[in-house]
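What you are looking at is a predicted structure, and each value in this text was computed from that prediction instead of being measured.
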Amino acid sequence: MNRSRLAPGAGIVTVPGGLPVLRTAEGEFLRIDTGGTDPRELVARLTPGEGAHPDPAELRHLVAAFEEAGHAVTEPRRPPLTGRTVHLLGDPLLTEPLSRFAAAEGAEVHPATADDVAGLAGRRDTAVVWCLDSPVPDGLWDTADRLPARRTAWLRCHREGAHTWIEPLASAPGDVTAAHVRRRRLAAAAAHRELAAYWAGHRTPDTGPHPTEPSAALIAALLTADLIAWANGSPPRGAALPARRRLRRIDLRDLTVTEHPVLPVPEVAPLPAPAARATA
């Protein structure tokens, strides 16, 4: 029989001369009223390594209270990306660490090509992640931008000079696509014509800096965190912005990460056709 143990991240702290205190996985400290139960019995019961002998009734009630509050579990923790499939495209210096990180969190990871993307639409519990060590050529992500409308998750990053941009994860109709991000950035840029020309390829050859092993690991870790948020279906506790509304910029020179809120661009109705002039 599986016996419940303290949930990952939770622990019991013994305060000298006082009652034991539960430190939750979120870092809160909660006093434990053990009633007539010796606190040492509770600690032993919730700590691995003890035998499966029957528990006294009052100790069972205490353990049940821990279970109901989520501070004790009977099953081992499943990695958060268990049951999710991740298809990776792009530059190996970014996709290789991301592949390791996503697999370590339970994902089934597969390499993919641009020709595969259209066929992945409509696959639930599936994410497509495209990582570029360069600006995004015009039209490259158009097909992938249609994935969220069919409930396939879509996550991407690219580099512009010394900055790598991680765009919001899109997984449902109405989420922020790559096209939305480009429009928002153009609207916010004072030099919008120059930025558009830069994206279109009217620029001198790239001089880097390219991601190093540490910066590539940082980018991969941030992308993995967004995949976990997608798998959990809600933003992590304490997150400033949800992954679906967050544009992040990593400065490759000092590894500074900044976050910017971004919203989808609403569809605009076409202008009405001019009214026909009456003729005599």
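Taking 4.5 Å as the limit, some side-chain heavy atom of P211 sits within range of a side-chain heavy atom of D133. For the pair R123/T85, no side-chain contact is recorded, criterion being any heavy-atom separation below 4.5 Å from C-beta on. Counting heavy atoms from C-beta outward, L98 and E96 have side chains that stay 4.5 Å or more apart. In this structure, the side chains of R5 and L46 stay at 4.5 Å or more apart for every pair of heavy atoms. Side-chain contact between P264 and R184 is absent, with no heavy atoms from C-beta onward closer than 4.5 Å. R156 is not listed as a side-chain neighbour of V129, based on a closest heavy-atom distance of 4.5 Å or more. Considering only heavy atoms from C-beta on, I219 comes within 4.5 Å of C157 through its side chain. Counting only heavy atoms from C-beta outward, the side chains of T82 and R77 never approach each other to under 4.5 Å.
Shortest non-hydrogen contact noted between L6 and G11 is CD1-CA, 4.0 Å. Nearest heavy-atom pair across T95 and C131 is CG2-CB, 4.2 Å. Among all heavy-atom pairs drawn from A172 and R151, the shortest one is CB-NH1, 3.3 Å. Shown here for L223 and I166, the closest heavy-atom pair between the two residues is CD2-CG2, 3.7 Å. The shortest heavy-atom contact between P8 and A25 is O-CB, 3.7 Å. Nearest approach of A178 to D145, heavy atoms of both residues: N-OD1, 2.8 Å.
Side chain of D116 to main chain of A112: no donor-acceptor pair is present (N/O by atom type, distance under 3.5 Å, no hydrogens or angles). Side-chain N or O atoms of H180 include one that pairs as donor or acceptor with a backbone N or O of T177 at under 3.5 Å. Between the side chain of T24 and the backbone N or O of E28 there is at least one donor-acceptor pair closer than 3.5 Å. At least one donor-acceptor pair closer than 3.5 Å links the side chain of R84 to the backbone N or O of A231. Between the T152 side chain and the P148 main chain, no donor and acceptor come within less than 3.5 Å of each other.
When hydrophobic clusters are built by joining Ile, Leu, Val, Met, Phe, Trp and Tyr residues whose side-chain heavy atoms come closer than 4.5 Å, directly or via intermediates, V15 is grouped together with F29. Under the 4.5 Å side-chain heavy-atom criterion for grouping Ile, Leu, Val, Met, Phe, Trp and Tyr, L155 is not connected to V262 through any hydrophobic cluster. I32 and L19 are assigned to two separate hydrophobic clusters, defined by single-linkage of ILVMFWY side chains at heavy-atom distances under 4.5 Å. Two different hydrophobic clusters hold V265 and L186 under the rule that ILVMFWY side chains link at heavy-atom gaps under 4.5 Å. Taking hydrophobic clusters as Ile, Leu, Val, Met, Phe, Trp and Tyr residues chained together by side-chain heavy-atom distances below 4.5 Å, L94 shares a cluster with V257.
A cation-pi arrangement is absent between R248 and W165 under the rule of less than 6.0 angstrom and at most 45 degrees off the ring axis.
Under the 4.0 Å criterion applied to side-chain N and carboxylate O atoms, E160 and R185 are assigned as salt-bridge partners. In this structure, R159 does not pair ionically with D91, as no charged nitrogen and carboxylate oxygen lie closer than 4.0 Å.
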**Asked** Between I12 and R23, is a side chain to side chain contact (heavy atoms under 4.5 Å, CB included) present by the stated rule, with each step listed?
**Response** CA-CA 6 Å; I12 295 176; R23 185 190 184 280; over 6 Å; no
**Request:** Determine, step by step, whether D226 and R244 satisfy the salt bridge (charged side-chain N to carboxylate O under 4.0 Å, His left out) criterion, reporting the C-alpha distance in whole Å, the side-chain angles of both residues, the deciding distance to 0.1 Å, and the verdict.
**Result:** CA-CA 9 Å; D226 283 351; R244 295 169 57 245; over 6 Å; no
**Asked** Given R146 and T143, is the side chain to side chain contact (heavy atoms under 4.5 Å, CB included) satisfied, shown in steps?
**Response** CA-CA 6 Å; R146 293 191 282 272; T143 299; 3.5 Å; yes
**Prompt:** Stepwise, does the side chain to side chain contact (heavy atoms under 4.5 Å, CB included) test hold for V109 with L88?
**Reply:** CA-CA 7 Å; V109 182; L88 297 182; 3.7 Å; yes
**Request:** Test side chain to side chain contact (heavy atoms under 4.5 Å, CB included) on S4 and V63 and set out the steps.
**Result:** CA-CA 8 Å; S4 57; V63 172; 3.2 Å; yes
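Atom CZ of R150 has 12 or fewer neighbouring heavy atoms from other residues, nucleotides or ligands inside a 6.0 Å radius. More than 12 heavy atoms of other residues, nucleotides or ligands shown are found within 6.0 angstrom of CG on D254.
Interatomic distance, E167 CD to R182 CZ, rounded to the nearest 0.5 Å: 8.5 Å. Note that the CG atom of L227 and the CD atom of E105 stand 10.0 Å from one another [nearest 0.5 Å]. In this structure, CG on L62 lies 5.0 Å from OG1 on T37, to the nearest 0.5 angstrom. Expressed to the nearest 0.5 Å, how far CG of L263 lies from CG of L247 amounts to 11.5 Å. To the nearest 0.5 angstrom, E41 atom CD is 9.5 Å from T34 atom OG1.
Put simply, the residue from L252, T256, D251 that forms a side-chain contact (heavy atoms from CB on, under 4.5 Å) with H163 is D251.
Checking T212 against H210 by side-chain atom types alone, no donor-acceptor pair falls below 3.5 Å.
The stretch residues 65-106 participates, sequence neighbours left out, in these ring pair (Phe, Tyr, Trp, His ring centres under 6.0 Å) pairs: H87-H110.
Taking a 4.5 Å side-chain heavy-atom cut-off between Ile, Leu, Val, Met, Phe, Trp and Tyr, the cluster of W154 extends to L89, V117, L120, V128, W130, L132, V136, L140, W141, L147.
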